[in-house]
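Just follow the structure's listing: the first ligand is 1, and inside any ligand the first atom is 1.
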Amino acid sequence: MKKCILILSFLVAIFALTELSAQNTIQSYENNTVNKKFILLPVKTGAAKTWITVNVDGVWQHEFEIELAPENPDFYATLEVGQWKGKKLELTAETVVPGSKWLSLIKTSDQMSDESLVYKEEYRPQFHFAPRRGWTNDPNGLVYYNGTYHLFFQHNPYGTSWGNMTWGHAVSNDLLHWNEMPDAVIPDKNGVVFSGSAVVDWNNTSGLQTSPVKDNAGKITNPPLVAFYTSTFANRGKGKSAQSMVYSVDEGKNWIKYPGNPVIPHIIADNRDPKVFWFDDKQNPNNSHWTMALYMDGEDYALFSSKNLIQWEKICDIKNLGCSECPDMFELPVDGNMQHSRWVFWGGNGKYLIGNFDGKEFKIESGPFTTKYGGNDYAAQSYSDIPGTDGRRIQFSWMAGGEYPKMPFNQQFTSPRNLTLRTTPDGIRLCMEPVKEIEKLRLPDPIKLSASVNGLTNPIQLPNLKGELLDIEILFDLKSYNAADTNLVLKTEIFGQEISYRPGTQIISLAAIKAPLVPVNNTIKLRLLVDRTSIELFANNGVIQIAACFVNKAKDPPGLTIAGNKGLADVTIEAYQLKSVWEK
Ligand code: FRU
């Protein structure tokens with residue numbers, strides 16, 4: 001009997017498949033001479049996926065998977081075609097559902113998709129970066145050049161889930177107001193474009209600037225910007241990973257694929273995520289060279305060295321970091337003193353090692369440690385080429401796993417944060433604080449309050465706290481607390497998200513995420529950045545940090561309550577409303 005049912009279901013499945021393939025057809029948008037910058041493609045999240053192949057004058061360019069809207073698109077995806085002006089463009093969709101109106105829904109435009117709708121969406125972060133349309137995960141290629149912060153990002157331009165990995169591109173001059181540009185690096189015969197980094201090649205060591213201009217002091221005034229990424233999954237997933245290069249000779253506006261790609265062929269497993277920096281050996285300048293940190297396999301990484309960004313050789317292994325993917329590596333002064341510096345080696349989930357680097361070997365001194373706890377925070381990367389006069393190590397991270405119900409974009413980044421090494425009672429540790437630029441978003445007249453917390457039933461409330469974008473500083477003075485009582489708890493609640501501190505166990509929590517936090521001189525200092533879909537908590541000047549996303553489905557009003565179940569703590573609050581970066 002069982003056998004019969006099996007055979008029957010098999011036959012039904014074959015029948016259904018034949019039906020489907022009989023109905024789904026190949027359809028092309030063809031014989032169109034490109035006369036605008038963009039083709040806007042209709043997308044419906046959840047619609048059947050099809051591959052679309054892009055051919056120009058009959059030559060294959062790239063292909064991607066898309067949930068083509070048969071009608072009523074949720075949003076329009078942007079395909080840049082301006083580089084092919086005057087040429088014949090053909091888009092072939094492999095499996096189009098019967099009756100689909102996608103061909104008549106396609107638009108051509110000189111503007112990117114949904115111009116009048118974008119940044120006005122219900123769950124659009126108001127001072128955090130999220131793509132205009134589509135999916136993002138890791139921040140990539142963070143580089144500063146000539147007054148501009150470049151932010152590249154893992155982008156699926158054609159859907160709101162992971163796929164078609166491409167480097168999106170946005171620029172800013174203050175790390176807060178981003179102007180999204182057309183995608184910078186798109187998939188090709190070597191595969192899709194995974195994570196990586198970018199540098200300014202100040203001395204044109206690569207020779208990629210073929211018309212260098214020098215000033216009177218002999219300094220090149222038009223250095224190339226060079227970016228590294230992992231190309232992988234060529235042939236619809238069959239190809240292996242390798243490290244590739246793109247460069248720009250117009251200050252990062254246009255990116256040219258290096259014709260000799262990949263510059264580092266496949267080594268092992270899914271080795272990926274190159275992070276490149278210049279190792280400047282002050283004592284022995286001849287020993288200065290480019291260094292690449294690369295994720296290898298398991299929990300292992302390796303360092304490579306190069307004089308010209310093109311030929312690379314392996315110099316050492318860094319094993320058992322306790323995490324995988326997305327390395328970063330940088331030198332920082334300890335307590336602000338550059339005579340006393342250490343190197344930090346950082347991995348995908350924020351585990352880091354402290355050590356020394358002589359250009360050949362990374363010698364581990366301590367770690368792995370972490371500053372960031374759980375939550376929505378992964379694959380962080382720090383900026384290259386921040387001028388010495390600024391001197392900061394500025395990092396963005398992906399707020400992995402946030403939810404944005406029914407939105408035409410998906411995922412956001414953390415606030416930009418500054419990393420420092422500080423001596424703590426436990427030794428040298430990495431601290432993380434929001435960059436000072438955030439304070440420029442503060443509206444005047446903060447709400448200030450000093451009071452005593454005594455009892456859960458008698459909470460301190462800030463009913464006048466308005467708005468959904470907040471920057472709040474809270475100082476708890478615990479001197480009257482009986483620290484031995486493990487039941488004591490201090491609670492803060494905002495938009496239904498609870499932050500609590502238990503002096504007895506020295507644990508702080510935001511929503512379900514917990515982190516250890518030792519009071520300093522009997523005080524706990526919290527900084528909260530609250531956006532429409534996220535809260536970031538920095539405690540005691542960033543010795544610990546928690547980033548968490550939330551969806552305010554109940555549309556809870558703002559307002560802050562602070563309460564404690566027993567004993568007494570003095571609390572000082574300064575709460576600012578912030579401006580949206582989308583406000584004109
Ligand atoms: C980390 C990661 C990287 C990879 C990229 C692909 O989130 O898996 O290792 O390059 O995402 O999107």
Asks: Check ligand 1 against Tyr378 and write out every atom of the ligand that is under 4.0 Å from a heavy-atom position of the residue.
Replies: 1 (C), 7 (O)
Asks: Show the numbers, then the answer: is there a side-chain hydrogen bond (donor to acceptor under 3.5 Å, both in side chains) between Thr95 and Thr50?
Replies: CA-CA 5 Å; Thr95 46; Thr50 178; 3.3 Å; yes
Asks: Mind checking salt bridge (charged side-chain N to carboxylate O under 4.0 Å, His left out) for Lys363 and listing every partner two or more places apart, or none if nothing turns up?
Replies: none
Asks: Could you point out which residue of Arg422, Arg417, Arg392 forms a salt bridge (Lys or Arg N to Asp or Glu O under 4.0 Å) with Glu433?
Replies: Arg422
Asks: Can you tell me if Asp138 has a non-hydrogen atom under 4.0 Å from ligand 1?
Replies: yes
Asks: Should Asp138 and Glu325 count as side-chain neighbours, where that means a heavy-atom distance under 4.5 Å?
Replies: no
Asks: Nearest to atom 8 (O) of ligand 1, what protein heavy atom do you find, and at what distance?
Replies: Glu325 OE2, 2.9 Å
Asks: Which ligand 1 atoms are under 4.0 Å away from a heavy-atom of Trp398?
Replies: 7 (O)
Asks: Near Asp273, which atoms of ligand 1 are under 4.0 Å from a heavy atom of that residue?
Replies: 3 (C), 4 (C), 9 (O), 10 (O)
Asks: Phe75 and side chain to side chain contact (heavy atoms under 4.5 Å, CB included): which single residue from Leu117, Leu41, Thr45, Leu40 fits?
Replies: Thr45
Asks: Looking only at protein heavy atoms, which one is nearest to atom 12 (O) of ligand 1, and what is the separation?
Replies: Gln154 OE1, 2.7 Å
Asks: Do the side chain of Arg393 and the main chain of Tyr383 share a donor and acceptor less than 3.5 angstrom apart?
Replies: yes
Asks: Would you mind running through ligand 1 and noting each atom that sits below 4.0 Å from a heavy atom of Ser195?
Replies: 5 (C), 10 (O)
Asks: Please could you name the atoms of ligand 1 that Asn137 approaches to less than 4.0 Å, counting only its heavy atoms?
Replies: 5 (C), 6 (C), 7 (O), 11 (O), 12 (O)
Asks: Is a side-chain donor or acceptor of Thr148 paired with a backbone partner of His150 at a separation under 3.5 angstrom?
Replies: no
Asks: Below 4.0 angstrom from a heavy atom of Met165, which ligand 1 atoms are there? Numbered from 1 as shown, please.
Replies: 12 (O)
Asks: Work out whether the distance between some heavy atom of Tyr295 and some atom of ligand 1 is less than 4.0 Å.
Replies: no
